[in-house]
Number of protein chains: 2
Amino acid sequence: MKPVNLKKLAQELNLSIATVSRALNDRYDISQPTKDRVRALANKLNYEPNHHASSLRRNKSKTIGVVIPEVDNHFFSLAIKGIEEVARRNNYHVLIYLSHEDYQRELAVMRLLASGRVDGVLLSVASESQDFAHLDLLRERGIPVVLFDRVYAGKDMPKVTTDDYESGYRATQHLLEAGCRVIAHLTIAHTLSISQRRMQGYQAALQQFRVPYDEELVVCEAAGKPQSASLPQTLLTQRPDIDGIFAAVESLAMSSYEACHNLGLRIPKDVKIIGFSNLKTASLLAPPLTTITQPAYEIGKEAASVLFQAVVKNRLVSAAQSKELKSELIVRASTASTTLSSKEPVALALALGR
Amino acid sequence: MKPVNLKKLAQELNLSIATVSRALNDRYDISQPTKDRVRALANKLNYEPNHHASSLRRNKSKTIGVVIPEVDNHFFSLAIKGIEEVARRNNYHVLIYLSHEDYQRELAVMRLLASGRVDGVLLSVASESQDFAHLDLLRERGIPVVLFDRVYAGKDMPKVTTDDYESGYRATQHLLEAGCRVIAHLTIAHTLSISQRRMQGYQAALQQFRVPYDEELVVCEAAGKPQSASLPQTLLTQRPDIDGIFAAVESLAMSSYEACHNLGLRIPKDVKIIGFSNLKTASLLAPPLTTITQPAYEIGKEAASVLFQAVVKNRLVSAAQSKELKSELIVRASTASTTLSSKEPVALALALGR
DNA sequence: ATTAATTACGTAAACGTTTCCGGAGATTAA
DNA sequence: TTAATCTCCGGAAACGTTTACGTAATTAAT
C-alpha cells in the first residue's frame, strides 16, 4: 500500500536519493560502508526499484516482445521456453503476443511495440501476413527485430530458421524410397518463405526420382481454420491414388491420420505419412509418426541470443547475423516400407481396422 | 531514432503538451476541432505514447504477469491462450515467467513483480513450492493475485480450479468398473492441493468399491525430473500385479505408455491407463488414451477475467471470487473393458508386440 | 604550508506523461 | 455595464529513477 522507494530509503538512512540509487547500483563513488547500510535496509524493506521510472530514465525497458501465431503448438511453446531461458539469464522480461495468424493483429501489436515498451522483438510472422511495412516501423524507432522460423525473406534483418529446403527434400526422398509415387504435399500459406523452401525441396526430390510434379497434389491450408481439418480427407477422396503424404505442419499430419481412420486407409500400407512435428508423443501414435523435427527449443534460444547481441550493443543488426539450424528426420512406422516386413503391417492394419 | 512524443506534436501544432495529451485522451475540455487536428498529426507521425512514462504517472502498467511451471505442455499453453485473449480484449499486455517447478525461481519472479511492474498476477505454483510468503509480498503492495489450477489452499485469494476431487473419483471409478483391482496412482508433489484432492477422489472411489488402499501403489514424482520418466517402469516391475494406472499428470501417462511398451505389457488387456491430459492427439495414440481433460482454455480465460475484475476496481479480491470448472472424462480404448470384445485386444497386442 | 588531486556525497535536471490549478476570452444574466 | 458562467487551453508539478555537475572534506604532492 505505502510504496517503498528511494526517497523512503534515503530518509530512513539520512542520505540523499542519489546516494542511495548509486549505492544500489554499486557505483564506484560510494563508500563500502554506505553501500552495505543501504543494501541492508533495502533488503529489509523488500525494496524493488520501480521498473517504469527506471525504464523511462534509462530509455531501456529490460523487456523483449515475442510475437507468434499461436502457442498451443509444441513448436512455439518450446521456442518460448528457449526464449524465456535466454531472457532470464540476461535479466530480461518477456512480453508475449499471439497474432492468431491474423495480419491485423500482428500489425496492431507491432505498432504498440514501437513506442519504447520493449528493447527488441522476436517475431514469427502470421501466415496471413503479406505486407511487411510494420517491420520498418520498429526499424525507424531503432528497435531491433529478429525473425524466427516463419520469416520474411525480403527484409535485411536477422533470421533464425531451419534447413527447410533440405528437410523438404529429405522428407520427400524418404517417402519415395519407401515406394511412394503419388505424394501429396499439405502446406500452409505459400507466401511464407518457409513454405516455399519446403515445397522446393519437395519438388527437387520428385525431379530426382523422375516423378512428375502434379499441382493437384499440393494443397494449401487457408487462413480460415475450419475447413483445414477436413482438408486431407477431401484430398484423399478426390485422389484415391495417393500413397504418400508430406505434411508441412503438425496439425495437417494429425488431420491426415484422422482422415485415414475415417476412410479406412491403412498407414503405412495404403498411405505413408511424414510430417513436420514436435510432438512428444509421435512415437506413441498408432502407428508411430515419422517426423521432421525442428530443434524448437534451440531456435528459441538462438533467436533470443541474436537479439540480445543487438540489444546490448544498442544497434540494429543485419541479415548477416542469421542462423540456420538443422532439423532431424526421425523414421518411425508411419513410413515403413511395406515390402520389408509382412507381419507388422497386418498388426497395424488390424489395429486401425476397428 | 528521433522519438515522436507529446512535445514534438505540441510544437508542430502550436499547442501545449497538456492540450495534446488531453486531446489524445479524449477529454471533455478540448474542442472537437483541436482533437481532430491533434489526432490527425498523431496518426501521420505514427505517434505511440511512451508506455513507461504513462505507467509511472498513472501508477498503472496495463500489464499482467503470468507465472507458470512450464509452457511445453498443452494445459498451460492453452491456458496462456485464454489469458492472452482476455488480456487483449482489455488492452492489457502479458508478461510470462516460467518457474520450471523451482521454488527459488518462483520467489525471484514474484519479488520482481512486486515493484509495480504489473497490475496483477496469475500464478500456477511450482510443485516444489511449500512456502507461500511470497504471495503476501504482492498483497502488501496491493497487487491482486489469482491462482489457477495449481493453487495454494492456505491463502484468502481467488482460485480458479477444476473439480479435482470428483475427477479423481470418476477416473478411479472408471478403472474399477472396467475391472481393475490393483490401481496405481501416479502423481506430483502432494503438497499441492490439486494433488491432494485428486488423491482423495482416488481413495474415496477405492473405498466405495471396497478395494483396500495400498500406500505402495501411490507414487509421487519428485521435483528433480530425471527419474520421473522411469518412475512408472520401476513401479510396474516392483508390482507386477498392477492392472490399472491413474496418472495425475499428462507426462506420467505418457511414461506409463512407454513403460508398458518396454515391459511388454498390453494396454488395456494387462494394464488399463487413464490420465489427466490435454493432448490433442490422445485419440491417435496406440491405443487411444482415456483422459480426464481439463478445460484449460476456459480456465485461462476465467482466471484472467477474475483478475481483471480486481484490476479495474483497483482492489484486492478474496477467495469468494473463486471458480471451479468441470473436467471431462473422455473414454477411449486404453481403459476398454477386456471382457467386452476379444478381437480388439489381439490386434492391439500385435500392434504393441513389436 | 599551499595547492592539487581524490573521495564521498548532495543538488538538481531530465525522461514523457498526466493532471491540478488557474486564466484569458467568449457568452450569458442581471 | 458589470458580474457570473462556460469553454478551451497553458503552466507547472508530480510519478521514481538516473546522472551530470558541484562541493566539502580528506589525502597527496610540492
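Annotation: proximity of residues 114-121 of chain B to DNA chain D (heavy atom, distance under 4.0 Å) is found for no residue. For the segment residues 55-65 of chain B, residues with any heavy atom less than 4.0 angstrom from an atom of DNA chain C are, sorted by number, B/Arg57, B/Arg58. Contacts between residues 7-20 of chain A and DNA chain D, defined by a heavy-atom separation below 4.0 Å, involve A/Ile17, A/Ala18, listed by number.
No side-chain heavy atom of B/Lys323 sits less than 4.5 Å from a side-chain heavy atom of B/Glu298. B/Leu307 places none of its side-chain heavy atoms less than 4.5 Å from the side chain of B/Val86. At least one side-chain heavy atom of B/His93 sits under 4.5 Å from a side-chain heavy atom of A/Leu112. Considering only heavy atoms from C-beta on, A/Glu48 stays 4.5 Å or farther from B/Leu113 through its side chain. Counting heavy atoms from C-beta outward, B/Met157 and B/Gln321 have side chains that stay 4.5 Å or more apart. Counting only heavy atoms from C-beta outward, the side chains of A/Arg139 and A/Val145 never approach each other to under 4.5 Å.
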task = Would you sort out whether B/Val311 and B/Asn90 count as a side-chain contact (heavy atoms from CB on, under 4.5 Å), showing the intermediate values?
result = CA-CA 11 Å; B/Val311 166; B/Asn90 291 62; over 6 Å; no

Next item on the list: Would you sort out whether B/Arg117 and B/Leu95 count as a side-chain contact (heavy atoms from CB on, under 4.5 Å), showing the intermediate values?
Entry: CA-CA 10 Å; B/Arg117 172 189 276 275; B/Leu95 277 170; 3.7 Å; yes

Which pairs, protein N/O on one side and nucleotides 6-8 of chain D N/O on the other, fall under 3.5 Å?
none

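An end-to-end axis angle of 60° holds for the helix from C/dA1-D/dT30 to C/dA30-D/dT1, taken from five base pairs per end and rounded to 10°.
Counting only residues at least two apart or in different chains, ring pair (Phe, Tyr, Trp, His ring centres under 6.0 Å) contacts with residues 49-72 of chain A comprise A/His51-B/His52, A/His52-B/His51, A/His52-B/His52.
At a threshold of 4.0 Å, the pair B/Glu85-B/Arg89 counts as salt-bridged, since one of the basic side-chain nitrogens sits closer than that to a carboxylate oxygen. Using a cutoff of 4.0 Å between basic side-chain nitrogens and carboxylate oxygens, B/Arg150 and B/Glu101 are scored as salt-bridged. Ion pair A/Arg39/A/Asp26 flagged as a salt bridge, since at least one NZ, NE, NH1 or NH2 atom sits closer than 4.0 Å to an Asp/Glu carboxylate oxygen.
For the pair A/Asn5 and D/dC15, the criterion of a side-chain N or O lying under 4.0 Å from OP1 or OP2 is not met. Regarding contacts with the backbone of C/dG10, every side-chain N or O of A/Arg22 stays at 4.0 angstrom or more from both OP1 and OP2.
Closest to the side chain of A/Ala53, from the set D/dG16, C/dG16, C/dT18, is D/dG16. In the set C/dG16, D/dG16, C/dT18, the nucleotide with an atom closest to the side chain of B/Asn25 is C/dT18.
Between the side chain of A/Ser54 and the backbone N or O of A/Asn50 there is no donor-acceptor pair closer than 3.5 Å. In this structure, the side chain of A/Asp119 does not engage the main chain of A/Ile64 through any donor-acceptor pair within 3.5 Å. With hydrogens and angles ignored, the 3.5 Å screen pairs a side-chain donor or acceptor of A/Arg37 with a backbone N or O of A/Leu13.
Spacing between atom CG of B/Asn50 and atom P of D/dT17 amounts to 17 Å, rounded to whole angstrom units. The NZ-C1' distance, from B/Lys35 to D/dC9, rounds to 13 Å in whole Å. Atom P of nucleotide C/dT11 and atom CG of A/Leu6 are separated by 15 Å, given to the nearest angstrom. Computed from coordinates, the A/Glu48 CD to D/dG16 P distance equals 15 Å when rounded to whole Å.
Here the closest heavy-atom approach between residue B/Thr161 and residue B/Asp149 is recorded as CG2-O, 4.0 Å.
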